[in-house]
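Structure record follows, encoded as structure tokens.
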2 protein chains.
Amino acid sequence: MEHRLDRIKKELHAKSYKLTPQREATVRVLLEREEDHLSAEDVYLLVKEKAPEIGLATVYRTLELLTELNIVDKINFGDGVSRYDLRKEGAKHSHHHLVCTDCGSVEEIIEDLLDDVEKIVAKEWGFLVKDHRLTFHGICKNCQEKDNEERSE
Amino acid sequence: MEHRLDRIKKELHAKSYKLTPQREATVRVLLEREEDHLSAEDVYLLVKEKAPEIGLATVYRTLELLTELNIVDKINFGDGVSRYDLRKEGAKHSHHHLVCTDCGSVEEIIEDLLDDVEKIVAKEWGFLVKDHRLTFHGICKNCQEKDNEERSE
DNA sequence: TACTAAATAATAATAATTATAACTTAATAA
DNA sequence: TTATTAAGTTATAATTATTATTATTTAGTA
Ligand SMILES: [Mn+2]
Ligand SMILES: [Mn+2]
Ligand SMILES: [Zn+2]
Ligand SMILES: [Zn+2]
């Protein structure tokens, strides 16, 4: 954790952004809750535990900055809020998501499954792909099993 | 156009929703601007030309209903608004998009490029895919050509 | 330690979306 | 056709998410 924090500190300094305690606290929250997909408000409430004086606008500004630096991805699952998702160390692209329409769970696919598709897009559409957003909507393994049990009772 | 409108009328009636003039006007706008990706406000302004007395909330309700019926897809390109995208006739899935980060243009890919990926997701993650959202961010053909010209000058 | 651009807190403002309540109407069937 | 009524609409208010403003503070640097 300290390792990744250090890398992020360096990325900030490399672009001559200051490392404030507020920014550090925000990054710590994102690292601690890496699996989650927190909204700005979620992040704000968690950061407040470490740095109670922080303002919501500062959290928004920090998340915007981290997005600009590609440290986090700003994603949207169709509820009214933006969510902020830490990139895996060294990842070039946003990772994929599996959203269960039944229980609401969100699984992550770290492996990049789009290489072939991107080749087609480059070839057929002449589009130079820089990044992607891929989300599947459907029924997660758990919910399928639950359904099966209920049906066989 | 009248053909597709009729189909949509029938889909509404099949679920015992009424076809009001406001809904018809909204659907007509969506059909006329099929290539575009209109926000609720965009739709509202266009519908007002046909039905000046319509309210913005009615447009929101109508778009919500059409989304529920999978006649439109509610999509989000990361600017602050939801956009409403008519499904192609008979399409089971939301289609893909190419968003140019340079000029802001949005191209559509109607062909479904995710069949193979979905098979992997089903097999490896046990996830039952019902729909997907795929957007590529990058540089469109036009902007690439413009860049090349400038560089060679 | 002093300097200064950058960042923050504490608002206020804006923009998008949803809720409420009184009125209107599309579909249905007598 | 007309009466009925659940569903839908308008007008407006409220809520929620996000961004802007401004006076104050501070991180990085010399
Ligand atoms: Mn994720
Ligand atoms: Mn589209
Ligand atoms: Zn589930
Ligand atoms: Zn372009």
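For clarity, every value in this text was computed on a predicted model and none was experimentally measured.
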Between B:S82 and C:dT17, is there a side-chain N or O to OP1/OP2 distance below 4.0 Å?
yes

B:E64 atom CD is separated from C:dT17 atom P, nearest whole Å, by 12 Å

Testing B:E49, B:E34, B:E2 for salt bridge (Lys or Arg N to Asp or Glu O under 4.0 Å) with B:R28, which one passes?
B:E2

What residue among A:L38, A:D36, A:D42 forms side-chain contact (heavy atoms from CB on, under 4.5 Å) with A:R83?
A:D42

Measure across A:Y17 and A:R23 and return the closest heavy-atom pair with its distance rounded to 0.1 Å.
CB-NH1, 3.9 Å

Working for side chain to side chain contact (heavy atoms under 4.5 Å, CB included), residues A:D6 and A:K9:
CA-CA 5 Å; A:D6 266 358; A:K9 282 185 189 180; 3.9 Å; yes

Which whole-number value in Å describes the distance from A:Y44 OH to D:dT18 C1'?
14 Å

Between NE2 of B:H13 and P of C:dA26 the distance, given in whole Å, is 11 Å

What is the distance from CD of A:E53 to C1' of C:dA10, rounded to the nearest Å?
13 Å

Mind checking if A:R61 touches a base, just sugar-phosphate, or nothing, with heavy atoms under 4.0 Å?
base

Base, sugar-phosphate alone, or nothing: which one does B:E41 contact when heavy atoms must sit under 4.0 Å apart?
nothing

Between D:dT10 and B:Q22, is there an OP1 or OP2 to side-chain N/O distance shorter than 4.0 Å?
yes

Can a side chain N or O of B:Y60 be found less than 4.0 Å away from OP1 or OP2 on C:dT17?
yes

For A:S39, which contact category applies under a 4.0 Å heavy-atom criterion: base, sugar-phosphate, or nothing?
nothing

B:N76 CG to C:dA16 P, straight-line distance once rounded to whole Å:
12 Å

From CD of B:E24 across to P of D:dT9 the rounded distance in Å is 13 Å

In whole Å, what is the span from the NZ atom of B:K18 to the P atom of D:dT9?
9 Å

Given D:dT10, C:dT17, C:dA26, the nucleotide with the shortest approach to the side chain of B:T20:
C:dA26

Just to be sure I understand the rule, does B:T58 reach a base, reach only the sugar-phosphate, or reach nothing, if contact means heavy atoms closer than 4.0 Å?
base

Residue pair A:I54/B:A40 against DNA chain C: nearer the 5' end by closest nucleotide is A:I54

B:Y84 atom OH is separated from C:dA16 atom P, nearest whole Å, by 12 Å

Touch check for A:L56, heavy atoms < 4.0 angstrom, all strands: base, sugar-phosphate only, or nothing?
base

Heavy atoms under 4.0 Å, any strand shown: does A:S16 hit a base, just sugar-phosphate, or nothing?
nothing

Could you give the distance from CG (B:L45) to CG (B:L56), rounded to the nearest 0.5 Å?
8.5 Å

